[in-house]
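Shown next, in structure tokens, is the structure this report addresses.
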Amino acid sequence: MEHSEAVKRITEILSESKIGVLSTAYNNEPNARYMWFYNDGLTLYAKTNDASPKYDELRDNPKAHVLLGFHDSPNHAFVEFYGEVERMADRETIDWLWEEADTEFFESKENPHLKALKITPIAIKIMNDDEFEDVKLSM
């Protein structure tokens with residue numbers, strides 16, 4: 001299996017799957033929650049509130065695990081994504097991520113608590129895809 005084929009398949013799954021599970025750890029305890037994800041190639045982004053527990057958890061331990069996919073494909077392919085998280089407040093990223101549906105959580109994209117998480121991959125594993133069985137990319 002060529003590296004470029006695996007990257008292409010991972011990018012397809014990331015682009016098709018927007019809702020996934022972000023897992024972090026705090027005081028040696030796991031903590032998982034559903035979130036909306038956006039990708040730029042193999043890099044993931046998510047919106048968050050800087051008053052949420054995960055924001056502090058990621059300051060203390062910037063490693064995260066994300067599950068994306070499963071329900072969006074006939075064979076239930078998904079990715080296990082291990083990454084390093086950067087907490088971001090820059091306007092350009094927030095503008096790119098903003099959607100009208102976000103008004104349910106933030107009255108506007110100018111909300112001072114609206115932040116972004118940038119998750120840079122350390123390793124990505126493709127699951128439930130016979131063509132890419134046992135594929136794990138390390139970055």
Side-chain angles (χ1 to χ4, degrees):
M1 176 66 49
E2 283 191 37
H3 180 81
S4 62
E5 291 176 35
V7 168
K8 181 180 176 190
R9 180 63 180 130
I10 291 166
T11 304
E12 286 172 359
I13 295 170
L14 295 178
S15 296
E16 294 167 358
S17 304
K18 295 302 175 195
I19 299 174
V21 177
L22 172 74
S23 298
T24 58
Y26 183 71
N27 287 336
N28 212 24
E29 299 256 339
N31 191 1
R33 78 279 292 153
Y34 284 103
M35 295 188 69
W36 288 88
F37 291 95
Y38 307 82
N39 73 300
D40 182 12
L42 297 179
T43 302
L44 292 176
Y45 292 85
K47 294 169 281 211
T48 192
N49 186 322
D50 66 2
S52 73
K54 81 177 140 316
Y55 203 71
D56 289 337
E57 290 171 7
L58 290 165
R59 178 194 61 228
D60 297 337
N61 180 357
K63 301 265 191 283
H65 179 263
V66 176
L67 293 175
L68 268 174
F70 191 78
H71 62 283
D72 295 330
S73 65
N75 63 353
H76 300 296
F78 66 98
V79 294
E80 287 190 18
F81 188 104
Y82 303 90
E84 184 88 23
V85 182
E86 178 184 349
R87 302 178 324 156
M88 303 178 70
D90 72 276
R91 181 59 35 208
E92 183 178 336
T93 302
I94 291 169
D95 286 346
W96 174 63
L97 296 174
W98 181 259
E99 296 180 276
E100 283 306 309
D102 293 333
T103 57
E104 184 177 333
F105 305 102
F106 301 97
E107 57 279 357
S108 76
K109 65 182 174 182
E110 282 75 33
N111 184 312
H113 294 289
L114 175 60
K115 305 296 187 232
L117 302 176
K118 177 182 179 183
I119 310 164
T120 304
I122 296 170
I124 306 172
K125 188 173 182 180
I126 302 173
M127 306 294 291
N128 286 357
D129 192 320
D130 293 339
E131 187 177 342
F132 295 93
E133 188 174 345
D134 299 324
V135 169
K136 181 176 181 180
L137 298 182
S138 296
M139 310 304 164

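If you're wondering where the values come from, they're calculated on a predicted model, not measured in any experiment. Side-chain atoms are counted along with the backbone in the values below, which use heavy atoms only and exclude waters and symmetry mates. Residue numbers run from 1 in the order of the sequence given.
Under the 4.0 Å criterion applied to side-chain N and carboxylate O atoms, E57 and K54 are not assigned as salt-bridge partners.
K47 pairs by the side-chain hydrogen bond (donor to acceptor under 3.5 Å, both in side chains) definition with Y38, D102, not counting sequence neighbours. Under the salt bridge (charged side-chain N to carboxylate O under 4.0 Å, His left out) criterion, E100 pairs with no residue at all, not counting sequence neighbours. Partners of N128 by side-chain hydrogen bond (donor to acceptor under 3.5 Å, both in side chains), not counting sequence neighbours: none found.
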Full working for side chain to side chain contact (heavy atoms under 4.5 Å, CB included) between Y26 and D60 = CA-CA 8 Å; Y26 183 71; D60 297 337; 3.4 Å; yes
message = Using side chain to side chain contact (heavy atoms under 4.5 Å, CB included), reason through I119 and H65 one step at a time and then give a plain yes or no.
response = CA-CA 9 Å; I119 310 164; H65 179 263; over 6 Å; no
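V85 and Y55 fall within the same hydrophobic cluster, where Ile, Leu, Val, Met, Phe, Trp and Tyr residues are linked whenever their side-chain heavy atoms come under 4.5 Å apart, directly or through other members. Hydrophobic clustering (ILVMFWY, side-chain heavy atoms < 4.5 Å, transitive): L114 and F105 are in one cluster. Under the 4.5 Å side-chain contact rule for hydrophobic residues, M35 and L14 share a cluster. Note on Y82 and M127: separate hydrophobic clusters, where clusters join Ile, Leu, Val, Met, Phe, Trp and Tyr whose side-chain heavy atoms are under 4.5 Å apart, directly or indirectly. Hydrophobic clustering, with ILVMFWY side chains joined whenever heavy atoms are under 4.5 angstrom apart, groups L117 together with F37.
Side-chain contact, D40 with T43: no donor N or O sits under 3.5 Å from an acceptor N or O.
A 6.0 Å sphere centred on CD of E92 holds no more than 12 heavy atoms belonging to other residues, nucleotides or ligands. Environment of CD in E104: sparse, with no more than 12 heavy atoms of neighbouring residues, nucleotides or ligands closer than 6.0 Å. The environment of CH2 in W36 is sparse: at most 12 heavy-atom neighbours from other residues, nucleotides or ligands sit within 6.0 Å.
Of all heavy-atom pairs between I19 and Y34, the closest is CG2-CD2, 4.1 Å. Across all their heavy atoms, I13 and A77 have their closest contact at CD1-CB, 4.0 Å. Across every non-hydrogen atom of T93 and A116, the tightest pair is CG2-CB, 3.9 Å. Closest approach of H113 to D50, counting heavy atoms only: ND1-OD1, 2.6 Å. Pairing each heavy atom of A64 with each of L22, the nearest pair is CB-CD1, 3.6 Å. Residue I94 comes nearest to K109 through the heavy atom pair CG2-O, 4.0 Å, listed as atom of the first residue, atom of the second, then distance.
Put simply, the side chain of K18 reaches to within 4.5 Å of the side chain of N39, judged on heavy atoms.
For the atom pair CD of E84 and CG of N61, the computed distance is 8.5 Å after rounding to the nearest 0.5 Å. Remark: R87 CZ to K115 NZ distance equals 9.5 Å, nearest 0.5 Å. For the atom pair OG1 of T103 and CG of N111, the computed distance is 11.5 Å after rounding to the nearest 0.5 Å. Residue T24 holds its OG1 atom at 11.5 Å from CD of E29, rounded to the nearest 0.5 Å. Separating the OG atom in S23 from the CZ atom in F81 is a distance of 13.0 Å, to the nearest 0.5 Å. To the nearest 0.5 Å, atoms CD (E80) and CD1 (I126) are separated by 11.5 Å.
Of the possible donor and acceptor atoms, one in the side chain of N49 sits under 3.5 Å from a partner among the backbone N and O of A51.
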